Amino acid sequence: MLKRKYIDLIIVIIVVLAVVSYTYTSFYSDDDTVSIGYLPSDHDAALFVANASGMYRDAGLNVELHEYNNGGDLISAMTSGTVDVGYLGVTPVLSSISKDVPIKIVAGAQLEGSGLVTNEPDVTSIEDLKGKSIATPGQSSIQYMLLQYDLKKHDMTMSDITSPSMKVASMNDALKTGSIDAMLTYEPYMSIAEKQNNMTVVDTSHEILENHPCCAVVVTDKFANRHPDKVKKIAEIHKNATEKLENDPYGCVKYLPRNIVANETLEGQILANMSWVSDLNDTYKQDVRDFISTEKDLGVLNQTFSDEKLFYTA
């Protein structure tokens with residue numbers, strides 16, 4: 001009987017310790033970790049540089065990086081509270097803000113950086129792809145929006161093509177095998193297709209919509225309200241990492257995930273040719289406003305936004 005009481009007491013102690021441990025982990029350890037989501041793209045290179053070169057660590061930030069297939073998936077993770085900060089395209093960001101998802105843009109990441117690519121050398125315009133398939137990362141992606149814009153420029157609509165959604169890393173193989181006729185994709189996959197796979201770049205995103213904002217750094221309102229000091233550090237680190245990219249693009253290749261570096265020399269060329277953005281200056285804000293007007297003209301958005309709803313201010 002006495003032995004049974006000891007056993008029951010031990011069980012109670014174990015349960016209490018488990019609850020205390022879980023509570024501590026939930027309210028302290030997890031709260032100290034910043035979860036940052038990203039896409040497997042050169043557009044997010046500043047994040048990779050910051051993390052791999054120790055900038056977050058040196059600033060006293062404990063970060064975890066999580067990869068997502070597209071901006072829609074990343075926004076869902078931010079909405080659920082799984083991710084605090086995201087590097088993703090401005091199109092899913094604007095779409096989410098229009099639906100009152102509580103997120104804000106902290107900084108721009110880069111401009112342009114995508115392209116329409118085909119494996120058919122005779123194609124010189126999107127008009128030549130009428131009746132064919134053009135893959136994008138998904139309907140919530142900026143590449144899908146650029147596809148709509150390029151079609152409209154040539155008096156075409158989405159009904160003139162088919163547009164399957166695919167993982168970007170799978171598109172090049174799909175082009176090789178003829179599973180798709182073209183893709184509107186982001187770097188490094190556009191340059192890999194052209195330089196290594198001898199495919200044809202029909203239009204770069206610079207040619208489709210010059211100077212358009214592409215990826216941005218975004219925070220959830222919950223994280224920003226609870227940790228304004230961390231948001232400030234993250235913005236400063238983003239700026240420093242971007243400057244490092246601009247000053248030494250070839251040297252920064254070593255910081256990028258291996259799954260997006262097909263060739264180090266080619267990767268250095270891509271980074272050197274990217275148009276980087278590192279803050280929320282007036283020029284970038286106006287680029288976003290202009291982009292909103294373009295999306296409204298396409299019917300992607302049906303409203304405009306105040307700066308207070310769009311941009312984070314400490």
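Small disclaimer: the values here were computed from a predicted structure and weren't measured.
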Distance col, row N198:CG vs K176:NZ, nearest 0.5 angstrom, shows 10.0 Å
Please check if atom CD in E264 has more than 12 non-hydrogen atoms from other residues, nucleotides or ligands closer than 6.0 Å. no
Verify the distance criterion only: is there a donor paired with an acceptor across the side chains of E295 and T91 at less than 3.5 Å? yes
Assess whether side chain to side chain contact (heavy atoms under 4.5 Å, CB included) is satisfied between V288 and F311, documenting all intermediate values. CA-CA 10 Å; V288 173; F311 305 117; 4.1 Å; yes
Yes or no on side chain to side chain contact (heavy atoms under 4.5 Å, CB included) for W276 and L271, after CA distance, side-chain angles and deciding distance? CA-CA 9 Å; W276 302 110; L271 296 182; 3.9 Å; yes
CG of D282: more than 12 outside heavy atoms within 6.0 angstrom? no
Between K104 and E308, does any NZ, NE, NH1 or NH2 come within less than 4.0 Å of an OD or OE carboxylate oxygen? no
Could you tell me which non-hydrogen atom of K152 sits nearest to which non-hydrogen atom of D297, and how far apart they are? NZ-O, 3.4 Å
Is a salt bridge present between D100 and K309, judged by a nitrogen-to-oxygen distance below 4.0 Å? yes
Audit row: D279, K285, salt bridge (Lys or Arg N to Asp or Glu O under 4.0 Å) steps and yes/no: CA-CA 10 Å; D279 53 26; K285 287 182 178 180; over 6 Å; no
Short side-chain to backbone donor-acceptor contact, N225 and D221, under 3.5 Å: yes
So, using salt bridge (charged side-chain N to carboxylate O under 4.0 Å, His left out) as the criterion, who are the partners of R289 when residues are at least two apart? D307
Looking only at the aromatic ring of each residue, does the gap between the centers of H238 and Y87 stay below 6.0 angstrom? yes
Gap separating the CG atom of N70 from the OG1 atom of T136, nearest 0.5 angstrom: 9.0 Å
Walk me through whether V117 and E194 qualify under side chain to side chain contact (heavy atoms under 4.5 Å, CB included). CA-CA 8 Å; V117 182; E194 180 185 26; over 6 Å; no
Answer yes or no: is there a donor N or O on one side and an acceptor on the other, between the side chain of N197 and the main chain of M199, under 3.5 Å? no
Q110 CD to C214 SG distance, which is reported to the nearest 0.5 Å: 4.5 Å
Are V106 and I234 close enough that some pair of their side-chain heavy atoms sits under 4.5 Å apart? no
May I ask you to check whether N62 and T33 show a side-chain donor-acceptor distance below 3.5 Å? yes
Can you tell if the side chain of Y149 reaches within under 4.5 Å of the side chain of H212, non-hydrogen atoms only? no
Quick one, H66 and S35 - any side-chain contact, counting heavy atoms below 4.5 Å? yes
When rounded to the nearest 0.5 angstrom, what distance separates CD in Q269 from CG in N263? 8.0 Å
For the backbone of L175 and the side chain of S179, can you confirm whether one donor and one acceptor N or O come within less than 3.5 Å of each other? no
May I ask you to decide if S125's main-chain N or O and D128's side chain share a donor-acceptor pair within less than 3.5 Å? yes
Determine the minimum heavy-atom distance between A193 and N172, stating which atoms define it. CB-OD1, 3.5 Å
Residue pair D181 / S133, side-chain donor-acceptor N/O under 3.5 Å: yes
Between Y38 and H43, is there a side-chain donor-acceptor contact under 3.5 Å, judged purely by atom types and distance? no
Check whether Q143 reaches the backbone of L184 with its side chain - one donor and one acceptor, N or O, closer than 3.5 Å. no
Does the pair L88 and C215 meet the rule for a side chain to side chain contact (heavy atoms under 4.5 Å, CB included), with working shown? CA-CA 5 Å; L88 70 160; C215 282; 5.6 Å; no
Counting distance only, does the side-chain N/O of R258 pair as donor-acceptor with the main-chain N or O of L256 below 3.5 Å? yes
Could you state the interatomic distance from CG (D73) to CE (M78), rounded to the nearest 0.5 Å? 13.5 Å
Check this for me: K153, atom NZ, are more than 12 non-hydrogen atoms of other residues, nucleotides or ligands nearer than 6.0 Å? yes
Can a side-chain donor-acceptor contact be found between D290 and T294 if the only test is distance below 3.5 angstrom? no
Between the main-chain N or O of I208 and the side-chain N or O of S205, is there a donor-acceptor pair closer than 3.5 Å? no
Would you please test E120 and K132 for salt bridge (Lys or Arg N to Asp or Glu O under 4.0 Å) and show each step? CA-CA 11 Å; E120 301 180 23; K132 299 190 176 183; 2.8 Å; yes
Donor-acceptor under 3.5 Å (T177 side chain, A174 main chain): yes
Using modelled atom types and a 3.5 Å cut-off, is there a donor and acceptor pairing between side-chain atoms of S165 and backbone atoms of P137? no
Ignoring hydrogens and angles, tell me if any N or O in the side chain of N247 forms a donor-acceptor pair with the backbone of E243 under 3.5 Å. yes
Check the hydrophobic clustering (I, L, V, M, F, W, Y; side-chain heavy atoms under 4.5 Å; chains of links allowed) and say if L298 and I97 are grouped together. yes
Between the CD atom in E187 and the CD1 atom in I270, the distance rounded to the nearest 0.5 Å is 4.5 Å
V261 reachable from Y250 in the ILVMFWY side-chain graph, under 4.5 Å edges: no
Exercise: do H154 and E127 side chains pair donor with acceptor under 3.5 Å: no
Cationic tip of K230 within the cone over F223's six-membered ring, i.e. under 6.0 Å and within 45° of the normal? no
